[in-house]
Student: 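Questions regarding the structure given below will be posed in turn.
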Amino acid sequence: MLGAMADLALAPVTRQVSGRAAPAAVPSGPERGQPLAATVAELSVLDASGRQVPFGALFRERRVIVVFVRHFLCYICKEYVEDLAKIPKSFLQEANVTLIVIGQSSYHHIEPFCKLTGYSHEIYVDPEREIYKKLGMKRGEEIAPSGKSPHIKSNVLSGSIQSLWRAVTGPLFDFQGDPAQQGGTLILGPG
């Protein structure tokens, strides 16, 4: 196990995308200077049944693309995951990579979010945002130009109204995660 983690010890290439040109914060505290895998591998995510899965088990023996979404009501995240859902499983298998989405709400929201987006690849939640925090993902509601992303189909007004409507009409009325939490994407796995 330590051998696989040692392979991941190389400093990851990171970039915080925002409207400002500020560098991403350098971790401080006990995780500073430790390999990425060692600081987060022991933390758990939950699957759609509420079962705990060690985060490290997701990438220890396979290559994965992990997409951390802001929250399940975020219209930008919804539209992005709708596009991820269109990636054929056969394409991922040929590339020897697994696609994983991680949200930061209750596991009860996984199944409705998958139905809404058509997403059928792996999905988990980190309801306490422990992995988000360990990875240094920022919090803060910033509206930055999307750069005409092909994944974002709604404008701010219509997207926000759609998100609010889903919140008030859903069976579990809540924000389905911290609305100020930012997301990110990582590529992890052995060598």
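From a predicted model like this one, the values you see are computed outputs, not experimental measurements.
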Student: Go through the steps for Arg63 and Asn96 under the test side chain to side chain contact (heavy atoms under 4.5 Å, CB included), then give the verdict.
Tutor: CA-CA 7 Å; Arg63 290 186 317 165; Asn96 194 28; 3.9 Å; yes
Student: Minimum heavy-atom separation for Arg70 to Gly183, with atom names?
Tutor: CG-N, 3.8 Å
Student: Once you round to the nearest 0.5 Å, how far does OH of Tyr124 lie from CD1 of Ile110?
Tutor: 9.0 Å
Student: Indicate yes or no: at least one non-hydrogen side-chain atom of Ile187 is less than 4.5 angstrom from one of Val64.
Tutor: no
Student: Taking the side chain as every heavy atom from C-beta outward, state whether Leu58 and Ile100 have any atom pair closer than 4.5 Å.
Tutor: yes
Student: Answer whether the closest heavy-atom distance between the side chains of Leu43 and Lys134 falls below 4.5 Å.
Tutor: yes
Student: With a 4.5 Å heavy-atom cut-off, do Phe113 and Val81 have their side chains touching?
Tutor: yes
Student: Strictly distance-based, threshold 3.5 Å: is any side-chain N or O of His121 a donor or acceptor partner for the main-chain N or O of Ile87?
Tutor: yes
Student: Does this structure show an ion pair linking Lys78 with Glu82, if we count only N-O contacts that are shorter than 4.0 Å?
Tutor: yes
Student: Are any non-hydrogen side-chain atoms of Tyr119 and Leu84 less than 4.5 angstrom apart?
Tutor: yes
Student: What residue among Leu135, Val101, Thr185 forms side-chain contact (heavy atoms from CB on, under 4.5 Å) with Phe68?
Tutor: Leu135
Student: Please report the interatomic distance CZ(Phe72) to SG(Cys114), rounded to the nearest 0.5 Å.
Tutor: 7.0 Å
Student: State, yes or no, whether a side-chain contact exists between Gln93 and Pro88 at a heavy-atom distance under 4.5 Å.
Tutor: no
Student: Should Asp126 and Arg129 count as an ion pair when the cut-off is N to O under 4.0 Å?
Tutor: no
Student: According to the salt bridge (charged side-chain N to carboxylate O under 4.0 Å, His left out) rule, which pairs have a member within residues 113-123, sequence neighbours left out?
Tutor: Arg62-Glu122, Glu111-Lys115
Student: Measuring from Leu92:CG to Ile65:CD1, what's the distance to the nearest 0.5 Å?
Tutor: 7.0 Å
Student: How far does CD of Glu130 sit from CD of Gln104, to the nearest 0.5 angstrom?
Tutor: 11.5 Å
Student: Looking only at heavy atoms, which two atoms of Ser105 and Pro127 are closest? And how far apart?
Tutor: O-CB, 3.4 Å
Student: Which pairs of donor and acceptor atoms, one on a side chain in residues 44-56, lie under 3.5 Å apart (sequence neighbours left out)?
Tutor:
residue : atom : partner : partner atom : Å
Asp47   : OD1  : Ser49   : N            : 2.9
Asp47   : OD1  : Gly50   : N            : 3.1
Asp47   : OD1  : Arg51   : N            : 2.9
Asp47   : OD2  : Arg51   : NE           : 3.1
Asp47   : OD2  : Arg51   : NH2          : 3.2

